Number of protein chains: 2
Amino acid sequence: MLDAVFFNSKQNSLDLLDQTLLPGEIVTVRCFDEEQVADAIVSMKVRGAPAIGVAAAYGIALGLLNKANHQTSVADALNRVCKLLAGTRPTAVNLFWAIERVKKLVDQSAGNDFMAVAATALQEADRIKAQDIEMCRSIGRFGAEFLLDGQTWLTHCNAGALATAGYGTALGVFRAAKEQGKKFSVFIDETRPLLQGSRLTAWELLQENIDATLICDNMAGSLIRDGRVHGVVVGADRITSKGFVANKIGTYPLAVMAKYHGVPFYVAAPVSTFDLSLSYGDEIAIEERNHDELRFIGDKQTAPADIKVYNPAFDVTPPELITAIFTDRGVIRPIYKETIPAVIGAAEVFK
Amino acid sequence: MLDAVFFNSKQNSLDLLDQTLLPGEIVTVRCFDEEQVADAIVSMKVRGAPAIGVAAAYGIALGLLNKANHQTSVADALNRVCKLLAGTRPTAVNLFWAIERVKKLVDQSAGNDFMAVAATALQEADRIKAQDIEMCRSIGRFGAEFLLDGQTWLTHCNAGALATAGYGTALGVFRAAKEQGKKFSVFIDETRPLLQGSRLTAWELLQENIDATLICDNMAGSLIRDGRVHGVVVGADRITSKGFVANKIGTYPLAVMAKYHGVPFYVAAPVSTFDLSLSYGDEIAIEERNHDELRFIGDKQTAPADIKVYNPAFDVTPPELITAIFTDRGVIRPIYKETIPAVIGAAEVFK
């Protein structure tokens, strides 16, 4: 299995497959402390909501390991490390969920032995990672029920093994369908500006021998109109209690196109992506990223240096455009405030 | 005025501003014969439906000039040159319209003196160019009536001075509104895969001091939803008798988004863009371009070399999604088979 977020216990390092260089170069970035992990999240060397959560959990363990020789308490060190990691990206809720989970456990262990609490944090990070893989397999199984033999589906961005601990959410549906022996094809939105579709999803699906065709984001509309797409499936970065889904920019227009043409639109996400403290889409913080992402591609300048830019990383899709949400605990359909906790058992997850 | 398609009578060359290199480099390509003109059209050094028509008209004149010393008749040379130029790109009807217009005149002149018929062709090319500028000014005046002070509009691709003989269709609306002293802002879709929005429209609007902000194509949806766009205006490559509009890929989903959110969607095009020999959208030939346009950006590889690609250059928007078409002869609204000839006086233009 593709392992893009790997804790190297010989080196005490978090080894990340650098997703900014794929598919041209396969380079592993070795992070020895929490600052290197934070940098890797900010610069999107590791990206995808679940993968960011796993990386941050390991980042806490590394942070505690490295603070052992400093004149500080475990509590102080923990707070500082968690604050740094939580400040990397604002939209994906899995980041905060994973940090909270490790922090709570370390707080409860209440020791002041840095090596011991670091070991506790590391074990919890390992558990988060293992559970993520299991959750994705479960999401995949639930979602694959909806993918019929001979169909063509479309996906946006990369909600794959690279975005998770190794199996994928939206792409987990394709992996599960393939394991079930189904024949199907996939259209991949290239996903501007950072091209996670062409760089990452295309690479992953080729490796899995899944029949895939790359398109520009603006080509999906006429393909859907022409009846060449039977379903759309995307991942999610945050889902509110009423079912508003924040995901990679470009998800919302895709959901409108699908609705307009009567094509089902699915979201695939683990329960850790739900944020029941929020109700509506406009409560979700939307990250705006560097403007040069639109002015340059690699070193090549593709727009005037002085043109103004608007570069939101995410948009929000309302529940009425979503046919179903595939979670690790079952399928939510239709999307209502009542159907969400009924499936994910919110009380136990979020308290 | 920006003059991207300029006949240099001292050199007997067609000088084209190379639109594949903008905005990084400002390079003029000098074409001395019809083959160089055809290459420039195929490789999109010159692009935009009206500009292609003007370039092809000059290409005929150059072709006739260069055949003078060959053992051939004017009729043979004319046929061969026109066939070459007509085979460059299939979708923009202005190309065929301009070629037919020059060809008919040269045929009527019926002489066999190459220099004389070349001069006739050159004069007609000059006339097509001058008329294009007048048509664009007229389109701009009609369209600017709809752009209210303080509004923000969105445009896709480049239907500007670079796409025409020097004033633009969709961007002509903005030029005219500015000349009228209106205050407004523009969002520019970058327009994948060839980035005509970020490379060309951004450059043009900066030069005109029009307030403009660049976005990725997939960001338009949430801007429209959020009420930040008051109108959308695009150019056209071909319009059928029933008002189906072929334009740059990505136009159709934009029209659906506008309809879904009650935002007016306008098309700006001269009468030469109408092809009354066709009725429905599926009768329009849609060019599919090189797959490496999605796998590479400049020299940089952005997708696996062996990923399949689908790369249509255009899509078709049906009349029910179009609020109005701004032509040089007036505004067509609503778009019906009857309202189109009523405005453009089809009989006289197309017979």
Side-chain angles (χ1 to χ4, degrees), chain A residues 23-24 156 187-193 195 197-199 202-203 205-206 211-225 248-257 259-261 286 291 293-295 297-312 314-316, chain B residues 23-24 156 187-193 195 197-199 202-203 205-206 211-225 248-257 259-261 286 291 293-295 297-312 314-316:
Chain A
H156 187 70
F187 280 113
I188 305 168
D189 268 359
E190 62 172 7
T191 316
R192 286 285 292 153
L195 300 170
S198 45
R199 294 191 301 104
W203 186 78
L205 294 186
L206 275 177
D211 182 56
T213 301
L214 181 65
I215 58 170
C216 294
D217 305 331
N218 63 24
M219 295 167 187
S222 38
L223 282 173
I224 292 173
R225 191 250 326 265
K248 178 55 58 195
I249 187 75
T251 300
Y252 174 68
L254 212 49
V256 172
M257 294 308 303
K259 184 76 164 187
Y260 191 77
H261 291 288
I286 299 294
H291 291 177
E293 288 181 0
L294 272 80
R295 296 195 192 107
I297 296 179
D299 296 334
K300 190 178 166 62
Q301 188 176 334
T302 53
D306 46 350
I307 187 75
K308 284 196 288 185
V309 167
Y310 175 58
N311 184 20
F314 304 94
D315 59 25
V316 176
Chain B
H156 187 71
F187 280 114
I188 305 168
D189 269 359
E190 63 173 6
T191 317
R192 285 285 292 154
L195 300 170
S198 45
R199 295 190 301 103
W203 186 77
L205 294 186
L206 275 177
D211 182 57
T213 301
L214 181 64
I215 59 170
C216 293
D217 304 333
N218 63 24
M219 295 167 188
S222 38
L223 282 173
I224 292 173
R225 191 248 328 262
K248 178 56 56 195
I249 187 76
T251 300
Y252 174 69
L254 211 48
V256 171
M257 294 308 303
K259 184 77 164 186
Y260 191 78
H261 292 288
I286 299 294
H291 291 177
E293 289 182 359
L294 272 79
R295 295 195 193 108
I297 296 178
D299 296 334
K300 190 177 166 65
Q301 189 177 334
T302 53
D306 45 352
I307 188 74
K308 285 196 288 185
V309 168
Y310 175 57
N311 184 21
F314 304 94
D315 60 24
V316 176

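Bear in mind that the values here come from a model prediction, so they are computed numbers and not experimental data. All chains are named by letter (A, B, ...) in the order of the sequence lines, taking the proteins before the strands, and each is independently numbered beginning at 1.
Of all the listed residues (K248(A), H261(A), Q301(A)), the one sharing the greatest number of non-hydrogen pairs under 4.5 Å with chain B is H261(A). Residue with the most contacts toward chain A among V256(B), V309(B), L214(B), D189(B): L214(B) (heavy-atom pairs, distance under 4.5 Å). Ranked by non-hydrogen atom pairs under 4.5 Å with chain B, the options L254(A), I297(A), N311(A), D315(A) are led by I297(A). Of the residues considered (A202(B), P304(B), P193(B), A305(B)), P304(B) shows the highest number of contacts with chain A, using heavy-atom pairs under 4.5 Å. Across I188(B), D299(B), I215(B), T251(B), the residue that shares the most heavy-atom pairs under 4.5 angstrom with chain A is I215(B). Ranked by heavy-atom pairs shorter than 4.5 Å toward chain A, the options G221(B), G24(B), A303(B), P312(B) are led by A303(B). In terms of non-hydrogen atom pairs under 4.5 Å with chain A, the most contact-rich of R225(B), E190(B), M257(B) is R225(B).
Using a 4.5 Å cut-off between heavy atoms, D217(A) touches chain B through its side chain atoms alone. For D211(A), the part lying under 4.5 angstrom from a heavy atom of chain B is the side chain only. The contact between L223(A) and chain B is made entirely by side chain atoms (from C-beta outward), counting heavy-atom distances below 4.5 Å. Contacts of H291(A) with chain B are absent, with no heavy-atom separation under 4.5 Å from either backbone or side chain. Heavy atoms closer than 4.5 Å to chain A are found in the side chain of Y260(B), but not in its backbone. Using a 4.5 Å cut-off between heavy atoms, P253(A) contacts chain B through both its backbone and its side chain. Contacts between L206(A) and chain B at a heavy-atom distance below 4.5 Å involve the side chain alone, from C-beta outward. The contact between Y252(A) and chain B is made entirely by side chain atoms (from C-beta outward), counting heavy-atom distances below 4.5 Å.
In this structure, C216(A) and R192(B) approach most closely via the heavy-atom pair SG-CB, 3.8 Å.
Counting heavy atoms from C-beta on, the side chains of T213(A) and F187(A) come closer than 4.5 Å. In this structure the side chain of V316(A) never reaches within 4.5 angstrom of the side chain of S222(B), judged on heavy atoms.
Looking at T302(A), its side chain does come within 3.5 Å of a backbone N or O of R295(A) through a donor-acceptor pair.
For the atom pair K300(A) NZ and L195(B) CG, the distance stands at 9.5 Å (nearest 0.5 Å). Distance check: I249(B) CD1 to F314(B) CZ gives 9.5 Å after rounding to the nearest 0.5 Å.
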